[in-house]
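Heads up: the structure comes next, in structure tokens.
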Protein chains: 2
Amino acid sequence: MQHQVVENFTPTFVPPITKTPTHLGRIHPEKTPLFHQGDPSKYFYKVRSGVVMTYRLLKDSQRQITGFCTAGDFLGMTSDGIQHDTAITVTTCNIVRLTRAEIQADKELQQELFTKTCLQLEEAQDMMMTLTKKSASEKVAAFLVMLANRQKSETNEADIRLPMSRQDIADFLGMSIETVSRRLTALKSKQVIGLPSRHIVHIFNMGALKKLAGARS
Amino acid sequence: MQHQVVENFTPTFVPPITKTPTHLGRIHPEKTPLFHQGDPSKYFYKVRSGVVMTYRLLKDSQRQITGFCTAGDFLGMTSDGIQHDTAITVTTCNIVRLTRAEIQADKELQQELFTKTCLQLEEAQDMMMTLTKKSASEKVAAFLVMLANRQKSETNEADIRLPMSRQDIADFLGMSIETVSRRLTALKSKQVIGLPSRHIVHIFNMGALKKLAGARS
DNA sequence: CGGCAGCTTGATTGCTGTCAAAACAGGTGG
DNA sequence: CCACCTGTTTTGACAGCAATCAAGCTGCCG
């Protein structure tokens with residue numbers, strides 16, 4: 001866990017800074033925790049760049065990844081002042097930490113926080129659909145499409161980065177690591193994607209992938 | 001869709017009115033829609049009493065129930081001004097409709113809305129855990145426990161009302177109606193619950209039920 | 001009484017989880 | 001540079017849970 005500040009991470013797009021807070025964001029290396037499940041919630045965090053994941057642990061050390069946050073997303077919202085999940089950077093991240101007072105003081109920022117919280121709620125509800133109605137293949141395809149969208153790769157063919165591990169994907173989609181692997185290789189044999197390396201997916205046919213993702217809403 | 005004001009619904013508990021808005025709530029009969037998926041979002045709604053459910057439909061008419069709202073919960077939050085799900089009363093409900101201006105004007109109400117939105121987000125994330133990590137039996141047990149909690153039945157033995165249909169439960173828990181039925185009768189044979197009528201569950205042993213619900217967080 | 005909708009029960013299939021082992025990548029030290 | 005080690009990913013074999021299809025059952029209402 002050496003805290004080397006690696007600045008050669010590849011920012012595929014410029015974070016849309018709608019508001020410039022007082023403090024400039026801090027750079028967090030990959031796999032750095034922001035807060036832990038059970039911590040008192042003192043701050044809000046706004047992601048400027050990079051990927052943060054939040055997860056929840058159960059007694060038997062089972063894990064549910066509740067979301068991946070990218071540029072523009074907020075973290076640390078809670079109804080009771082206690083963090084319900086742990087947040088940890090997946091990649092190197094630029095993150096702004098905001099106090100409650102700072103939010104209160106800034107009407108516009110407050111509005112943005114509320115809107116983003118609503119968005120996260122919608123995404124969580126979409127996820128409920130994914131978890132219950134989609135097959136394993138559809139889940140994996142949908143996950144890749146989501147990543148592509150977040151990386152603004154709207155072209156029909158694109159390389160996307162998978163910074164998280166297979167286990168992370170499994171814990172997000174609610175399936176076993178083996179099934180994730182199998183479905184990925186299945187997509188590969190179908191010529192829809194290529195897997196040049198473990199953390200890179202080349203999408204040959206975005207249209208086909210989206211069909212397989214079964215976006216039926 | 002006759003708006004008859006039926007006042008003989010059974011209020012099992014007094015709604016905790018933390019804030020008294022300008023308008024008194026309106027009574028909505030059961031199965032009355034508040035808004036539909038795709039509608040522009042003009043208002044927020046605050047539930048005073050009764051049960052409202054929200055759901056999302058897919059092209060192939062599959063349905064995911066995203067939540068059941070009871071006294072104190074808000075509806076109508078959205079990130080883009082469009083409703084992402086449909087809200088419909090399950091029972092007769094008392095509901096306050098609030099404009100955005102009214103929320104803006106009232107600092108305290110605004111705070112309450114935000115807190116409740118965070119709570120809904122947490123609940124949605126808890127639901128993700130339930131959907132992925134729990135077996136069918138655990139899901140059904142957990143659902144009954146949730147209902148008992150909302151109906152403030154904290155005693156070890158209690159009658160709880162199941163106002164929604166088996167299909168609703170299935171669409172909430174992400175399983176088939178047959179499995180819901182089977183798991184309920186399994187709980188009955190285990191003497192943990194009784195099923196005096198279709199919409200009433202008698203809990204014989206809340207402790208056992210909670211164990212079966214597998215609350216491992 | 002008949003009809004209908006919702007619910008329960010039964011039989012069967014198949015997807016996905018589990019266990020197990022092999023392949024692979026990345027890092028370390030000789 | 002190679003051998004080795006370790007953790008991750010892939011592949012394989014198998015079992016089990018829950019979905020599906022299908023048939024009865026119950027309560028309700030005309």
Side-chain angles (χ1 to χ4, degrees), chain A residues 1-2 4 6 30-31 58 60-65 90 129-144 161-190 193-202 212 214, chain B residues 30-31 53 58 60-65 90 129-144 161-190 193-201 212 214:
Chain A
M1 197 65 63
Q2 64 282 35
Q4 41 175 356
V6 184
E30 56 179 331
K31 305 203 196 296
L58 301 104
D60 49 4
S61 81
Q62 288 203 86
R63 189 179 67 152
Q64 172 69 43
I65 292 182
V90 178
M129 297 237 46
T130 298
L131 294 175
T132 58
K133 307 294 184 196
K134 284 191 204 288
S135 69
S137 325
E138 291 173 324
K139 285 183 191 175
V140 171
F143 182 69
L144 294 179
R161 290 168 300 124
L162 276 200
M164 63 293 291
S165 71
R166 300 288 189 267
Q167 186 66 62
D168 291 339
I169 301 174
D171 287 347
F172 182 59
L173 298 177
M175 48 204 260
S176 71
I177 184 174
E178 293 93 332
T179 303
V180 171
S181 185
R182 271 186 254 272
R183 284 6 273 174
L184 278 174
T185 51
L187 286 174
K188 186 172 125 190
S189 358
K190 277 188 183 170
I193 64 169
L195 297 167
S197 95
R198 279 181 182 180
H199 293 289
I200 299 209
V201 175
H202 182 82
L212 289 169
Chain B
E30 56 178 329
K31 306 203 197 293
M53 73 179 187
L58 301 103
D60 50 3
S61 83
Q62 289 204 84
R63 189 180 65 153
Q64 172 69 44
I65 293 182
V90 178
M129 298 237 45
T130 298
L131 294 175
T132 57
K133 307 294 183 194
K134 284 190 204 287
S135 70
S137 325
E138 291 173 325
K139 286 183 191 174
V140 171
F143 181 69
L144 294 179
R161 290 169 299 123
L162 278 198
M164 63 292 292
S165 70
R166 298 289 190 265
Q167 187 66 61
D168 292 338
I169 301 173
D171 287 347
F172 182 59
L173 297 178
M175 47 204 260
S176 72
I177 184 174
E178 293 95 331
T179 304
V180 171
S181 185
R182 269 187 254 273
R183 300 294 91 189
L184 278 174
T185 51
L187 286 174
K188 185 171 127 189
S189 358
K190 277 188 184 170
I193 64 169
L195 297 167
S197 94
R198 278 179 183 180
H199 292 287
I200 301 212
V201 175
L212 290 169

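As the structure is a computational prediction, the values presented were derived from the model and not from experiment. Both backbone and side-chain heavy atoms feed into the values below; hydrogens, waters and symmetry mates do not.
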Item checked: Inter-residue atom distance A/K139.NZ - A/L144.CG, 0.5 Å rounding -> 14.0 Å
Notebook entry, point to check: Can you list every pair that meets salt bridge (Lys or Arg N to Asp or Glu O under 4.0 Å) and has a residue in residues 176-186 of chain B, with sequence neighbours left out?
Noted result: none
In residues 166-175 of chain B, what donor-acceptor pairs under 3.5 Å come from side-chain atoms, sequence neighbours left out?
from	atom 1	to	atom 2	distance (Å)
B/R166	NH1	B/R198	O	3.1
B/R166	NH2	B/R198	O	3.4
B/Q167	NE2	B/D171	OD1	3.2
B/D168	OD1	B/R63	NH1	3.3
B/D168	OD1	B/R63	NH2	2.7
B/D168	OD2	B/S165	N	3.2
B/D168	OD2	B/S165	OG	3.3
B/D171	OD2	B/R63	NE	2.6
B/D171	OD2	B/R63	NH2	2.8

Check: In Å and rounded to the nearest 0.5 Å, what is the CG to NZ distance from A/L58 to B/K133?
Finding: 7.5 Å
Margin query: Whole angstroms only, please: what is the CE-C1' distance between B/M175 and C/dC15?
Written below: 17 Å
Check: Which pair of heavy atoms, one from B/L184 and one from B/I193, lies closest together, and at what distance?
Finding: O-CD1, 3.7 Å
Notebook entry, point to check: Could you state the CD1-C1' distance from A/I200 to C/dA25, rounded to the nearest angstrom?
Noted result: 15 Å
Checklist line | Shortest non-hydrogen contact from A/L212 toward A/E138 | finding: O-CG, 3.2 Å
Notebook entry, point to check: What are the bounds, 5' to 3', of the part of DNA chain D that sits under 4.0 Å from heavy atoms of chain A?
Noted result: D/dT8 to D/dA13
Item checked: Residue pair B/Q64 / A/T132: nearest heavy atoms and the distance that separates them -> OE1-OG1, 2.6 Å
Next item on the list: Taking ring-ring contact (aromatic ring centres under 6.0 Å, His included) as the test, write out the residues that go with A/H199, two or more places apart.
Entry: none
Next item on the list: Starting at atom CE of B/M164, determine the distance to atom P of C/dG6, rounded to an integer number of angstrom.
Entry: 16 Å
Check: Who passes side chain to side chain contact (heavy atoms under 4.5 Å, CB included) against B/T185, sequence neighbours left out?
Finding: none
Review item, nucleotides 8-10 of chain C N/O atoms under 3.5 Å of protein N/O:
from	atom 1	to	atom 2	distance (Å)
C/dT8	OP1	B/R166	NH2	3.1
C/dT8	OP2	B/R166	NE	2.8
C/dT8	OP2	B/S181	OG	2.9
C/dT8	O5'	B/S181	OG	2.9
C/dT9	OP2	B/T185	OG1	3.3
C/dG10	N7	B/R182	NH1	2.9
C/dG10	O6	B/R182	NH2	3.2

Check: What's the NE2-P distance between A/H199 and C/dA25, to the nearest Å?
Finding: 12 Å
Margin query: Test of understanding: with side-chain hydrogen bond (donor to acceptor under 3.5 Å, both in side chains), list the residues that count as partners of B/S181, not counting sequence neighbours.
Written below: none
Item checked: Contacts of type side chain to side chain contact (heavy atoms under 4.5 Å, CB included), residue B/I200, not counting sequence neighbours -> B/D159, B/P196, B/S197
Next item on the list: Specify the separation, in whole Å, of atom CD of A/Q167 and atom C1' of C/dG17.
Entry: 13 Å
Checklist line | Euclidean distance, atom CG of residue B/L131 to atom P of C/dT16 [Å, nearest integer] | finding: 16 Å
Check: At what angle, to 10 degrees, do the two end axes of the helix from C/dC1-D/dG30 to C/dG30-D/dC1 meet, given five pairs define each axis?
Finding: 30°
